[in-house]
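The sequence lines fix the lettering, A, B, ..., with proteins before strands; numbering per chain opens at 1. Side chains are part of it too, since the values below use all heavy atoms of this structure and drop only hydrogens, waters and symmetry mates.
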Amino acid sequence: MQAPAGGSRWVGGSRPDLGRQTGYGGPGVQNYGGRTVGGGGGWNNRSGGWDRREREVNPFADDVNAEQALGEQENTVINFDAYEDIPVETSGDNVPPPVNTFAEIDLGEGLNANIRRCKYVKPTPVQRHAIPISLGGRDLMACAQTGSGKTAAFCFPIISGIMREQYVQRPRGARTVYPLALILSPTRELSCQIHEEARKFSYQTGVKVVVAYGGAPIKDQLRELERGVDILVATPGRLVDLLERARVSLQMIRYLALDEADRMLDMGFEPQIRKIVEQMDMPPPGVRQTMLFSATFPKEIQRLASDFLANYIFLAVGRVGSSTDLIVQRVEFVHESDKRSHLMDLLHAQRENGVHGKQSLTLVFVETKKGADSLEYWLCMNGFPATTIHGDRSQQERESALRSFKSGKTPILVATDVAARGLDIPHVAHVVNFDLPNDIDDYVHRIGRTGRAGKTGVATAFFNENNMSLSRPLSELMQEANQEVPAWLSRYASRATLSGGKNRRSGGRFGGRDFRRDSSMSRAAPSADYYGGMNSSGGYGVPGGYGGGYGPGVTSAWD
DNA sequence: AAAAAAG
């Protein structure tokens, strides 16, 4: 496979012009699609960005407000050690070695400044491995959970790559825009979240990030696109719409990232995704660089990987921030009719312990949209400020619910599975599975909304006769995470029939393995010495270590 | 069966 421009030759290379501001670029500067870019190599020669940079809204402003609103958290001390022994496995051809610090990767001064603004001290395991792989121009299939820091893992190489890219002539369509990178995600909120993060990472770099998703006026999004776009973050439906209107062309795409790929397939997006990736004008694998992120690797994802990626590197990171030591999991037997009063008891106890008053948030998962509405109403009636998020609410309502929850105005959020994956809400201290999901993977994602960024969290599940199919996988999962399994649950589990397929975990703490190693004839692995590149690192023998000294308020790049 | 996503 051929590395895209700015591939491996940049890795580790010294750069004399690093940090040099080119000002208004000299000859070769051209105005293009609302943006002026300079010619020549090196960093930051998107000189015309000056005008825009001064107008650019500071994406870090909200962080300060949020910190003030919530006050200093006591449990903000990050437990980095908890992550040091996360198992990581890579395989493939010539895997670039992982890095231990951001400093040793040459991401460019603008991006480095933003990493400092984000207060990221050191890369997470998925970042240590994924960033050098992507900077080396290689395709990547990563098995990583949300909360593992994967947004930065795919954003950094994209932003860095675009920053250092030579001026690329983009076709000029009357109203068509030509993004250089596309990030697809399953839900609108997740797209928003990725957009917000990407904006922080690209602040004052001249790299423009735009988000497009359904439920919001397309006019506003079109206007944003017309002002110039380098990285487009989108949900599949709205993107197909934009493509069909010929307002967006994928012809210039050099980076493609699919987030939560398994989720997108679960939601029936495969036709749209294949249309976007294979049937429009996107460059083929090997020309573009592709990153596929998925928590699990069923057959459908493996097929997607063979079709979308070229000579990729497989990366698996152990479960992080979910079902680990950081989350205390409790299961209680609660009959359907007792659920509300039981929840009330929990909330009262929480309030008495002062947890409530300290703006710790409680996320309550229910099975249906109707159930979400009625529980929210009931909670409010009983003096607990709550709001709700689900697919029957308008996008405006969804977003304002999320804001109100995050700000602590309504510290209880009743949610359907729309909020189960990927959403990163700081300060969620308690996740209640009011209705348990049928799939253990959904359970893992839901409880992963707490215990993030090294903080501890509690997850309480209401279990009853309707959840028997979950008894075995749930008790296995809890055992694996060294949680106390109630005797009654173990009894149900031992009686339950071994349900094959979906609920069986394979590979222990890993969500999947590189299937190319299992099959003798694989389209993706034509070379005979393919398996030679396999390397595995169970721990991090980091010389010098990261011996601590992180005070409150300092975060790593987990979220 | 329910949830999500394009109106």
### Query
Looking only at side chains, do Arg238(A) and Gln221(A) share a donor and an acceptor under 3.5 Å apart?
yes
### Query
Judged by modelled atom types alone, do Gln395(A) and Arg188(A) share a side-chain donor-acceptor pair under 3.5 Å?
yes
### Query
Do His430(A) and Ser360(A) pass the side-chain hydrogen bond (donor to acceptor under 3.5 Å, both in side chains) test, and can you show the C-alpha distance, the side-chain angles, and the key distance before you say yes or no?
CA-CA 8 Å; His430(A) 195 179; Ser360(A) 285; over 6 Å; no
### Query
Can you give one letter per nucleotide of nucleotides 2-7 of chain B, going 5' to 3': B for a protein heavy atom under 4.0 Å from the base, S for sugar-phosphate only, - for none?
SSBBSS
### Task
In plain terms, say whether Lys369(A) and Asp392(A) are close enough for a salt bridge, that is, a side-chain N and a carboxylate O under 4.0 Å apart.
yes
### Message
Assess whether a salt bridge exists between Arg403(A) and Glu189(A), defined as any Lys/Arg side-chain N lying under 4.0 Å from an Asp/Glu carboxylate O.
### Response
no
